[in-house]
Asks: 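Dropping the structure in here first, questions after.
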Amino acid sequence: MQELLKDLIVRARAELSVIAERPAFESAKARLVGPNGELTAMMKRMGSVAKEERPALGKLINEAKQQVQALLDGALERIVAAEMAAQLGPQVDATLPAPDAGPGTFHPLTQIREEMCRILRKVGFAVADGPEVETEYYCFDALSTPVDHPARDPQDTFYFPEGLQFANIAKRNPGERYLLRTHTSSVQIRTMLQGQPPIRIVSPGRVYRRDTADATHSANFHQLECLYVDRNVTVRDLKALLDYVFASLLGKETKIRFRPHYFGYTEPSFEVDASALHLPKVNKEWMEIGGCGMVDPEVFAAVGYDPAVWTGYAFGMGLERLAMNLYGIDDIRYFYQNDARFLKQFA
Amino acid sequence: MKISLNWLKDYVTLDAPVEEVCRAVTFLGFEVEQVIRTGAPRLEQVVVGEVLARDKHPNADKLSVCQVDIGPAGGVKTIVCGAQNYKVGDRVPVALPGAVLPGDFVIKRSKIRGHESDGMMCSAKELGVAEDADGLLILASRPDLGTPINQVLPSGDVILDIEITPNRPDCLSHLGIARELAAWFKQELVYPQEKFRGVPTAPARPDLLNSVKVAASGDCPFYTAHVITGVRIAPSPAWLQDRLRAVGLRPINNIVDVGNYVMLETGQPLHAFDARRLAGAEIHVRLAAAGESITTLDGKERKLGEDMLVIADARQPVVIAGIMGGVASGVADDTTDLVLECAVFRRQAVRSTSKRLGLASDSSYRYERGVDPHGTLEAAWRAIDLILETAGGEVAGPGWTVGGDVPWAREIILTPAFVRERLGFEIPDAVMKASLELLELAVIREEPTLDRGPAWTVSIPSWRDDLDRPIDLVEEVLRLYGTEKIPSVTPVAPGLVVEDAPVAIFNRKVTEYLVGQDFHECLNYTLRSDREVKAWSDPGVATPGALANPFVEDQSNLRSSLIPGLLETLKLNQSRGVNLGRLCETGRVFLESEGRLSECVAVAFIIAENSGDRTWLRRSAPDFYSAKHVIEVLSAAAGVNLAKEFRTMNPVAAPCWQAGHAASVGRLDRGWIAQFGLLDLGVVRAAGVEGKVYGGQFLILPERLASRESRPRYSDFSLFPPALRDLALVMDEARPAGEVRSLILVAARAAAAGSLAVEDVHVFDVYRGAGVPEGKKSLAYSIVFRAADRTLTDDEVNGVFNRIQEKIAEDSGLQIRK
């Protein structure tokens, strides 16, 4: 029996050392230690051995079994290693380019818009939205634009024919015309009509002017406006907001100045300049950046707010012009051509 | 408007440097668009000198060393000079050490090529009196040696081109701007004093003018006419011509020039008629009659509409009121007797006529913005003074005036407390009051209030029609106080419980996803051509979203899809040899349904098979299901679960999608639509784009995008293993997989009936070929079962699976493939 066991181990070692694939291994394993294998058969012959020899023999068989198992383990490890190596294929050339195009890019106007919204979000402004097709009421009347104001002229503003109806844009006055909004201030009116102060919104969006397209004019462009309505809002608060916004956007050393101006829906009104000498590509001391002012009492009256109680400020700017200044872009049409070489510059 | 600083100095002392004046104008609220300098600037240490000797520079061929006499005080200087155009004996400007020439060019004693030079002889350009110069400025008039150069050169003027905001018609004049600057610099404003104040110097001449009638008094609240006889038409005196030229007007003759001068001085337009050409010696201010026309001073014949205001004589219109005079009645070289009109016309009347005729003038510009009727007569008198001064003549009879009884008395009650409340910072009462009074806004009464300090009654002058309410005076106080002095503080932000608008959140979400998937975000115009919009709309849609007044033909309609813009972008990049395969856009589109348009929020993308990139390793080409995956994610961002919608697949009606390779889900009356798949091959080809293009567009009514709903509730899931069964079904080629899936799902749920969960049913194989008849396909579905509380046994799963198969077998169109 001892000899048999020795022989078994010798054979197993020889056999397993050359096995390289899993099926051969499995059959060898079954032959050696499986239920019908040789070792099992030997175990079964224990019964025919004298009782006093059994412990010694049992010990021998166990030792043999351990040795066979070790041989099996070794063989399996070799096979697994070979299998994994086979999965790999040849080594890579890490300097070959990844074949996938990318990365994607956000349009520069989206980037500016989102950056402005993030900055304003930090001081409590939430984004408000409104339709691009508007009625005369929301675009002009409620903002106390005189009936014969040039902004209303069909020379400057796009109108729709009388018969055309918009299902999800309600007219406030039956006779008024539909138009393409000329500013996002209509969103301010809608927001004020829908709710009560305090209100703190930023309304970015697409607006339309009937203009000859050239390097600085485009039939549609984008504006961003802020509106804050509360008790005791002051000119000082407005200045504080714009100081904060443009220091955030253009750098801490940025200064803001107000120049008195005239807008129909604010009083007093200002044009806003930002100091620009520290900005690359803006070769002037002051860069005109937008308009602002204290909401005119007539606008409050139009939306049903008591001007004696509520005060507020509004600020508006053109996003294209800001982006052109910041990035040094000299033609507004590039924003709408979407040449990939343009888009990828702002990633 | 062009404003001459020299002219302003007639009314106000302006000692400040030009930069300070510009700053003042800017912070008073008028944008200085341009500063134009004419004549010589102020120059110190630049005097007249004479070249006594000129020798060649020892070290430089092109330079000379000159001895220059600058008079007894300065003596003779040695100056190195590079110019060639002078000779010994010429008198020239000499800049001495210490002089600062324009451009901050400081003259110093220096060595030029090793030779001492005591200053510089100057060209006209170096002195700032000309744009270009060819050598030294030779002073041919031979002024005395040592004379400061400013006494020799024409004195300089500075012209400011100023943008006047529409609320300030009073500042469309030199007096108006002078009034503002006087307030800013705290100087006195000196008004011109009229000598003629209504007393005629000769008897009336009814033969020249015997009637002035205003039939349209609503459009002409005030009309004045004066008869001036015996004038001599001639060129204006030099000072008057200079003034007009300085601000960009061409001098014509003394009468026309005076009219323009007074308009630029006071803001009140005037018009002079040749009296002998007024038929019937009558003036009628009336509306034009049908069929009337007039040849205006610019030589064009203009047909007049019936509601256009004109000045007519007994026969015909002679002036389009407030806009332009006619050739027939204008002043000519041989005119001797004048009728001088000075009137006020209603703003809207002038504006609408001007616009309809496409005819504007300096006069109409001022009338459109508003002319102060209380300054009209003074302007007429001022013009009469200047006519008598420059053209001679007599004022024949008293002036004719019609209307003009427009009362003016405006007072605003203002409390300094209100100003402070609105500004948010402190300005002392005295400073406020001084500011108002500097602007001629007199505080005529001061009364105490109970708790808000004094209340002022502020009297508003007639030229400040823009001031009506206390808030308007807040702006006046702030303007003079200086907006630069608004204090800088940190913003205070009360927390408001408001979320961003759902549309903004949606756009942000989908754009971030698409860009993360390597798409390039584009922006295209909203307005598209009629042809394109029709091509991309469902058949049967009448011209959708057409503007009443498009500006250009190819931008006449609202877009109904973002995809054509993206296709155009693709084409542009391809034609420029730029590789680009994946594009996306968000924006508004407009869809017609039952004759009405709806403004929709849209997101779209395209994936070009041929991105232009040649790569060493090929990726699998995009296909319909690439687009389907993207559109599912986009829809989910709007809360729409497209997977639920795929029982059947609708073809897209619009012909721009490839039949059989594109799908449409949803309807506008449900609030949203998704379209995706392959773009029509012919359309893409016609668009000039190479290769197949897949795309998708999801659009939703903005009102359907809700704010964030309640937070999701967690639901428990099983930790026991699943059991899988596969079911292969043979069916007609045309039968949608989604529909059959629903059948299986319903059957499975019924069969499982609460004892276990049907976790998923999905297709994992689509087979056509051997074993499956022609015109049929075999779909293999995997059904996944699981129980919440135990490991499922084969027996119970088989039981359920058998019942599912029995149910499916009832459908005659489905054959279970064993």
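Below, chain A is the first sequence line, B the second, and so on; all start at residue 1.
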Asks: CG/B/L473 to CD/A/E267 distance, rounded to the nearest 0.5 angstrom?
Replies: 9.0 Å
Asks: Measure distances from A/F335 to the heavy atoms of chain B and classify the residue's part below 4.5 Å as side chain, backbone, both or neither.
Replies: backbone
Asks: Donor-acceptor pair, distance only, cut-off 3.5 Å: does the side chain of A/R206 make one with the backbone of B/G587?
Replies: no
Asks: So for A/R200, is it side chain, backbone, both, or neither that comes closer than 4.5 Å to the heavy atoms of chain B?
Replies: both
Asks: Step through the shown structure and confirm whether more than 12 heavy atoms of other residues, nucleotides or ligands are within 6.0 Å of CD on B/E426.
Replies: yes
Asks: Could you tell me whether a side-chain N or O of B/N549 sits under 3.5 Å from a main-chain N or O of A/T157, the two making a donor and an acceptor?
Replies: yes
Asks: Highest number of heavy-atom pairs under 4.5 Å with chain B: which of A/A101, A/C117, A/S203, A/A128?
Replies: A/A101
Asks: With chain A as the partner, which of B/V498, B/N573, B/T615 has the greatest number of non-hydrogen pairs under 4.5 Å?
Replies: B/N573
Asks: Does a side-chain heavy-atom distance below 4.5 Å link B/L558 with A/F166?
Replies: yes
Asks: If you count heavy-atom pairs under 4.5 Å between each of B/T586, B/V474, B/L580, B/L496 and chain A, which one has the most?
Replies: B/L496
Asks: Between A/R121 and chain B, with a heavy-atom cut-off of 4.5 Å, which part of the residue counts as in contact: side chain, backbone, both or neither?
Replies: side chain
Asks: With only heavy atoms counted, which part of A/Y178 is less than 4.5 Å from chain B, the side chain, the backbone, both or neither?
Replies: neither
Asks: Hey, are the side chains of A/R236 and B/P487 touching, using non-hydrogen atoms and a 4.5 Å cut-off?
Replies: yes
Asks: Go through B/R422, B/E476, B/Q348 and name the one with the most non-hydrogen pairs under 4.5 angstrom from chain A.
Replies: B/R422
Asks: Examine whether an atom of A/R177 lies under 4.5 Å from a heavy atom of chain B, and if so say whether it belongs to the side chain, the backbone or both; otherwise answer neither.
Replies: neither
Asks: Let me confirm one number: the OG1-CZ distance from B/T26 to A/R257, rounded to the nearest 0.5 Å.
Replies: 6.5 Å
Asks: For A/D243, is it the side chain, the backbone, both, or neither that has a heavy atom closer than 4.5 Å to a heavy atom of chain B?
Replies: side chain
Asks: Is there a salt bridge (charged side-chain N to carboxylate O under 4.0 Å, His left out) between B/R582 and A/D100 once you walk through the steps?
Replies: CA-CA 11 Å; B/R582 296 158 79 84; A/D100 310 286; over 6 Å; no
Asks: Can you confirm whether A/H222 sits close enough to B/L523 that some side-chain heavy atom of one is under 4.5 Å from a side-chain heavy atom of the other?
Replies: yes
Asks: So for A/T212, is it side chain, backbone, both, or neither that comes closer than 4.5 Å to the heavy atoms of chain B?
Replies: both
Asks: Heavy-atom cut-off 4.5 Å, strictly under: side chain, backbone, both or neither for A/F342 against chain B?
Replies: neither
Asks: Please state whether the side chain, the backbone, both or neither of A/K344 comes within less than 4.5 Å of a heavy atom of chain B.
Replies: side chain
Asks: Considering only heavy atoms and a distance below 4.5 Å, find which of A/P146, A/P103, A/G124, A/G163 pairs most often with chain B.
Replies: A/P103
Asks: Is there side-chain contact between B/R469 and A/D296, with heavy atoms separated by less than 4.5 Å?
Replies: yes
Asks: Just give me the residue among B/T526, B/T569, B/L617 that pairs up with chain A most often, heavy atom to heavy atom, under 4.5 Å.
Replies: B/T526
Asks: Tell me whether the count of non-hydrogen atoms from other residues, nucleotides or ligands lying under 6.0 Å of CZ in B/R619 goes above 12.
Replies: yes
Asks: Name the option with the most non-hydrogen atom pairs under 4.5 Å to chain B; the candidates are A/P198, A/P260, A/P307.
Replies: A/P260
Asks: Between B/N524, B/L572, B/T511, who has the most heavy-atom pairs with chain A when the cutoff is under 4.5 Å?
Replies: B/N524
Asks: Which heavy atom of A/V123 sits nearest to which heavy atom of B/P491, and what is that distance?
Replies: CG1-CG, 4.2 Å
Asks: I'd like to know which of A/F270, A/F258, A/Y262, A/Y244 tops the heavy-atom pair count under 4.5 Å against chain B.
Replies: A/Y262
Asks: At what distance, to the nearest 0.5 angstrom, does CD of B/E592 lie from CD of A/Q165?
Replies: 11.5 Å
Asks: Counting only non-hydrogen atoms closer than 4.5 Å, does A/E162 touch chain B with its backbone (N, CA, C, O), its side chain (CB onward), both, or neither?
Replies: neither
Asks: Where does A/L109 contact chain B at under 4.5 Å (heavy atoms): side chain, backbone, both or neither?
Replies: side chain
Asks: Roughly how far, to the nearest 0.5 Å, is NZ of A/K239 from CG of B/L423?
Replies: 13.0 Å
Asks: Should the heavy atoms of other residues, nucleotides or ligands under 6.0 Å from CD of B/E594 be counted, would the total exceed 12?
Replies: no
Asks: I need the residue from A/V233, A/V235, A/N168, A/I201 with the largest number of non-hydrogen atom pairs under 4.5 Å to chain B.
Replies: A/N168
Asks: Within a strict 4.5 Å, meaning less than it, do heavy atoms of the B/F27 and A/R259 side chains meet?
Replies: yes
Asks: Does B/R508 form a side-chain contact (heavy atoms from CB on, under 4.5 Å) with A/V127? I'd like the steps, not just the answer.
Replies: CA-CA 11 Å; B/R508 199 179 291 150; A/V127 179; 4.0 Å; yes
Asks: Indicate yes or no: at least one non-hydrogen side-chain atom of B/L527 is less than 4.5 angstrom from one of A/F158.
Replies: yes
Asks: Going by heavy atoms in the side chains, are A/T110 and B/N507 under 4.5 Å from each other?
Replies: no
Asks: So how far is it from A/D237 CG to B/I486 CD1, rounded to the nearest 0.5 Å?
Replies: 11.0 Å
Asks: Could you check whether the rings of B/Y525 and A/Y336 sit parallel, tilted or perpendicular, using 30° and 60° as the cut-offs?
Replies: parallel
Asks: Between A/A340 and chain B, which part of the residue has a heavy atom less than 4.5 Å away: side chain, backbone, both or neither?
Replies: both
Asks: Are the side chains of A/T105 and B/V515 in contact, using a 4.5 Å heavy-atom criterion?
Replies: no
Asks: Among A/Q337, A/H261, A/E132, A/E114, who wins on heavy-atom pairs under 4.5 Å with chain B?
Replies: A/E132
Asks: Does a sphere of radius 6.0 Å around NZ in A/K171 hold more than 12 heavy atoms from other residues, nucleotides or ligands, not counting ones at 6.0 Å or beyond?
Replies: yes
Asks: Which region of A/E298, side chain (C-beta onward) or backbone (N, CA, C, O), has a non-hydrogen atom less than 4.5 Å from a non-hydrogen atom of chain B, or is it both or neither?
Replies: both
Asks: Which atoms of A/H149 come close to chain B, meaning under 4.5 Å heavy atom to heavy atom: side chain ones, backbone ones, both, or neither?
Replies: backbone
Asks: One pair to check against side-chain contact (heavy atoms from CB on, under 4.5 Å): B/E421 and A/T311. What are the steps and the verdict?
Replies: CA-CA 10 Å; B/E421 276 165 21; A/T311 47; over 6 Å; no
